[in-house]
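Since the structure comes first, as structure tokens, the remarks are kept for the end.
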2 protein chains.
Amino acid sequence: MTTQAEVAALAFAPLPRRESTAEAVAAALRAQISAGRLAPGAQLREEHLAAALQVSRNTVREAFRLLAHERLVEHALHQGVFVRTVSPDDVRAMYATRRLVEPLGVRGLLTAGPSGVVALKGLDECVWAAEQAAGSGDWHSVGTQDIEFHRALVAAAGSVHLTSMLDGLLAELRLAFLRLPDREALHEPFLDRNRRLVDLLEDGDEAACLAELESYLIAAEAQLLQVVGGPDLAD
Amino acid sequence: MTTQAEVAALAFAPLPRRESTAEAVAAALRAQISAGRLAPGAQLREEHLAAALQVSRNTVREAFRLLAHERLVEHALHQGVFVRTVSPDDVRAMYATRRLVEPLGVRGLLTAGPSGVVALKGLDECVWAAEQAAGSGDWHSVGTQDIEFHRALVAAAGSVHLTSMLDGLLAELRLAFLRLPDREALHEPFLDRNRRLVDLLEDGDEAACLAELESYLIAAEAQLLQVVGGPDLAD
DNA sequence: CGGTAGCGGATTGTTGAGCAATCCAACAAG
DNA sequence: CTTGTTGGATTGCTCAACAATCCGCTACCG
């Protein structure tokens, strides 16, 4: 049994924080975008969406602000909002950031004591889930798990700011994934590399981890640049 | 003379991008907040501000969304928006992040070639400006230059994502500064430390730089925690 | 024919009023 | 002292309208 004094002393999660209508609209759009049903570059018209979602135009605008801050859409004054298209420069910037930040996750994970073990287990589960998905040909899920893997890695660095920044960056990265016709060719090689990284982390060999990670990121960037750079030179 | 073909080939800054009314309102509030005229914890009422700024309530709401994303204000559903109050845990999180990120700036600056020299010059100017401000007793400007110094340092890491993340973090940090009655005591010791850091960077002694930086951040965190932790235990 | 100026439709930016939902503080009842 | 209840205030959202701006089209002109 729990006494009242004990109840009062409990530390609660800051807020159950329900979601507003605008947030719900943003979530709906986010889902459509990251599922690829809204192609990069597509314009989102306020009136159209307001009618489709049965909400006011103002509420749609509020949702747009939320998505714009996540960089999933771009807002051009008096022109509208468009699903973000990632340029080659964007890809380079993203991987420049990842090469700086993800090593911090490796260090954090290796120097943390028991919590490092927990984090490592989380990474292992991501790889496992990705392998399962690959087995059943669900390459979209493989991509999701790949992203989840690296998010968890950076989370091990122990900085909420870095983690949430990478959250946004990875969501942006997924936009780039969507432009690839053949997802298997993109994600397949990185399945084994994630597995190997986990193994190296278990061994605790920091130098080897960092080398593997660096090599992973360079390869991923090159592959993605080949995809992103091509089709868009037209516009 | 410049032919039309040459004009077409020029790379322009992405957008002159004028600001919308909502952004102007956000800017006005931002200025009030970081000048300390709006105390942390104070509630911002939509109707009041709409009347005061001669804009619609809807526009004020849009400005709130912008500021909420910058974490300068907190938004509680059906309760309103409040100027953010930074908790001791927030301070600890901010400095945990800075200890991870700022060393990346040092490395970036030292390994960059000619651009590193330029960045170093920028840092030197920040310190110089801070020393000038301190001489005339303008401790608010000293704080601004201190923030600018560390922003420039992280910018040298070469990641737009990291830079913009730190932008937000430092704006948040300034909120914490505002709660301190005696700004001189807060900023004075760090003037010399920034100067010393610049000297070490000029020498190119990476290990010494990192040690000095780490020591700086630990001292700053401790000092800030003493301020932030105290007055707020009451509420 | 290339280039430019202006026109019109479409879309966004902003306003203001209005109503429902929710929170908060004060008060009343057990 | 704790537990409903009530009323006022504030936010969440909607709706309709108007102004500002952009885009594509056409007509004009060297």
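All values below come from the heavy atoms of this structure, side chains included, with hydrogens, waters and symmetry mates left out.
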Evaluation steps, salt bridge (charged side-chain N to carboxylate O under 4.0 Å, His left out), between B:Lys121 and B:Asp124: CA-CA 5 Å; B:Lys121 196 170 165 226; B:Asp124 189 72; over 6 Å; no
Residue pair A:Ile33, A:Val73: steps toward the side chain to side chain contact (heavy atoms under 4.5 Å, CB included) verdict: CA-CA 9 Å; A:Ile33 291 174; A:Val73 302; 3.9 Å; yes
A:Ser87 vs A:Asp90, side-chain hydrogen bond (donor to acceptor under 3.5 Å, both in side chains): CA-CA, chis, key distance, verdict: CA-CA 5 Å; A:Ser87 73; A:Asp90 290 330; 3.1 Å; yes
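In this structure, B:Phe82 places its CZ atom 12 Å from P of C:dC23, rounding to the nearest Å. Between A:Gln79 atom CD and D:dT21 atom P there is a gap of 13 Å when expressed in whole angstrom units. Distance NE2 (A:His78) to C1' (D:dA19): 9 Å, rounded to an integer number of Å. When rounded to the nearest whole Å, the span between CD of A:Glu46 and C1' of D:dT14 equals 15 Å. Spacing between atom CG of A:Leu77 and atom P of C:dT11 amounts to 17 Å, rounded to whole angstrom units. One interatomic measurement links the two molecules: CZ of A:Arg45 to P of C:dA10, which rounds to 11 Å at whole-angstrom precision. D:dC22 atom P lies 14 Å from atom CD of A:Gln43, rounded to whole Å. Whole-Å rounding puts the B:Glu19 CD to D:dA20 C1' distance at 16 Å.
Taking side-chain N and O atoms only, A:Ser20 has no distance below 4.0 Å to OP1 or OP2 of D:dG12. One finds a side-chain N or O of B:His75 lying less than 4.0 angstrom from the OP1 or OP2 phosphate oxygen of D:dG12.
Using a distance-only test at 3.5 Å, with no hydrogens or angles considered, a donor-acceptor pair links the side chain of A:Glu23 to the main chain of A:Ser20.
Ring planes of A:His69 and B:His69: parallel class, angle under 30° (limits at 30 and 60°).
Aromatic rings from B:Tyr216 and B:His150 are positioned such that their centres are separated by under 6.0 Å.
Within residues 48-64 of chain B, the residues approached by DNA chain D to less than 4.0 Å at the level of any non-hydrogen atom are B:Arg57, B:Asn58, B:Arg61, in residue-number order.
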